Amino acid sequence: MTNITVLAGGIGGARFTRGLLQQLAATEPDATVTVIVNTGDDMWLDGLRICPDLDTVMYTLGGGINEEQGWGRPGESRRASAEIAAYGRGWTWFTLGDLDLATHIVRSDLLRSGSTLSEATSFLCRRWQPGAQLLPMSDTPVETHARLAMDADEHRAGELIHFEEWWVRYRAGVPVTEFVQVGLDSAVPAPGVVDAILTANLVILPPSNPVVSVGTILAVPGIRDALRSTAAAVVGVSPIIAGAAVRGMADACLNTIGVQTSAEAVGLHYGSRAANGVLDAWLVDETDVGALPALAAAGIRSVAVPLWMRDADTTRRLAADTLALARGIFTDA
Ligand code: GDP
Ligand code: CA
């Protein structure tokens with residue numbers, strides 16, 4: 001039986017995993033999928049615990065996502081957040097839909113009554129039935145912050161602001177000098193996370209943000225080591241196509257850590273497992289075929305295939321190509 005573990009951020013990880021589940025349902029209905037989800041974007045807002053990536057994955061796999069936005073629920077209204085704004089509370093640039101608020105209220109209630117984030121997530125998933133087990137990377141809060149390189153509104157250069165403020169309010173347009181994961185030092189992987197990596201026969205890094213999604217998951221003490229020591233093949237899919245982040249602003253994150261926005265540079269940044277990195281194999285887009293020799297030289301087996309997840313069919317084909325590449329290398333994947 002195939003056990004697959006995916007390390008996901010929000011939209012890229014969620015869409016890839018949805019295609020993977022569709023492909024497996026048709027070809028290997030016994031396969032199980034565990035998704036370890038980034039919680040570095042989580043925050044408290046208006047007294048509620050918001051988990052952007054967990055919710056994007058849960059809604060996407062559970063059929064409750066707003067497809068155009070890639071996050072939140074379809075058919076939303078914003079009556080509650082307008083009322084909160086009328087009190088002068090909350091972050092006006094971070095809108096919470098009324099339906100989405102219900103998720104945050106239930107989660108926050110569970111957390112306040114003593115549930116862990118893992119327990120709260122599994123409770124929410126009872127309703128959404130995502131078809132995969134969703135595990136937060138950690139049950140203890142780890143929150144990504146960005147250090148501003150210049151003044152912005154009420155913030156001063158050198159100040160740390162929450163990643164979501166940099167991403168949503170400033171559209172990643174204000175230069176930052178570094179990302180700091182507050183709480184990382186004392187964080188441990190959530191129950192089941194290390195096991196899911198060690199007992200998988202295939203681990204996939206989907207096309208999620210390599211810095212603030214996958215990078216944050218890998219930074220939780222113990223997770224990178226698990227990836228380095230698992231007997232499973234570790235296969236990644238480039239989130240960069242032809243030198244550009246397909247959706248979102250991953251290039252701004254890569255610039256900050258000094259990695260070029262290219263499929264080759266991101267593959268080399270993850271590195272080969274044979275050389276202290278985390279990848280056995282890497283999928284780049286067909287337009288990035290020129291990256292293959294450098295990746296091969298670095299010990300990363302790579303192929304060039306279409307990486308645009310335009311619709312259900314192209315996404316499922318990408319999942320099939322990922323499985324095929326893994327099986328071409330490791331017969332037990
Ligand atoms: P976020 O947490 O919502 O920002 O989502 P993720 O971290 O999962 O993924 C965001 C990344 O997904 C973006 O940086 C894009 O580069 C990548 N991405 C989005 N759509 C596609 C796609 O269709 N194909 C590929 N290869 N990458 C994509
Ligand atoms: Ca995210």
Side-chain angles (χ1 to χ4, degrees), residues 6-20 23 38 53 56 60 67-71 166-167 170-173 175-176 179 204-218 234-272 277-326 328-329:
V6 181
L7 273 54
I11 184 169
R15 289 190 175 170
F16 178 89
T17 306
R18 181 167 61 183
L20 176 68
Q23 175 64 14
N38 170 45
D53 289 355
T56 291
T60 301
E67 291 289 345
E68 291 88 69
Q69 271 179 186
W71 52 270
W166 180 66
W167 194 249
Y170 296 116
R171 310 290 303 156
V176 295
F179 298 107
I204 300 177
L205 306 189
S208 279
N209 188 309
V211 184
V212 294
S213 293
V214 177
T216 304
I217 301 175
L218 292 177
V234 182
V235 178
V237 180
S238 174
I240 303 300
I241 297 178
V246 185
R247 295 180 180 89
M249 303 150 296
D251 47 337
C253 301
L254 287 164
N255 285 342
T256 301
I257 65 161
V259 174
Q260 229 194 319
T261 301
S262 73
E264 176 182 325
V266 173
L268 297 176
H269 167 68
Y270 282 138
S272 159
V278 294
L279 287 179
D280 293 308
W282 186 234
L283 287 89
V284 303
D285 187 67
E286 46 195 354
T287 58
D288 289 315
V289 66
L292 297 184
L295 291 161
I300 303 169
R301 296 271 295 268
S302 305
V303 292
V305 297
L307 292 198
W308 262 95
M309 300 185 286
R310 296 178 198 279
D311 50 31
D313 284 349
T314 49
T315 308
R316 199 175 137 181
R317 184 144 26 90
L318 174 57
D321 286 338
T322 306
L323 294 170
L325 175 60
I329 301 172

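For clarity, every value in this text was computed on a predicted model and none was experimentally measured.
Between V259 and H269, the closest heavy-atom pair is CG2-ND1, 3.7 Å. Scanning both residues, I300 and W282, for their nearest heavy atoms gives CG2-CB, 3.5 Å. Between D288 and A242 the shortest heavy-atom distance is OD2-N, 3.0 Å. Residue C253 comes nearest to W166 through the heavy atom pair SG-CZ3, 3.9 Å, listed as atom of the first residue, atom of the second, then distance.
Between the side chains of D311 and T314, a donor-acceptor pair is found at a separation under 3.5 Å.
Expressed to the nearest 0.5 Å, how far CD of E264 lies from CD1 of I240 amounts to 13.0 Å. Distance check, rounded to the nearest 0.5 Å: CG of L20 to CG of L318 gives 9.5 Å. Here the straight-line distance linking atom CZ of F16 with atom OG1 of T60 works out to 14.0 Å at 0.5 Å rounding. Atom OH of Y270 sits about 7.5 Å away from atom CG of L279, to the nearest 0.5 Å. Taking CG of L283 as the reference point, atom CG of L307 lies at 6.5 Å (rounded to 0.5 Å).
S208 places a side-chain N or O within donor-acceptor distance of the main-chain N or O of G13, the cut-off being under 3.5 Å.
The closest side-chain heavy-atom distance from T322 to V237 is below 4.5 Å.
Crowding of R171 atom CZ: a count of heavy atoms from other residues, nucleotides or ligands under 6.0 Å not exceeding 12.
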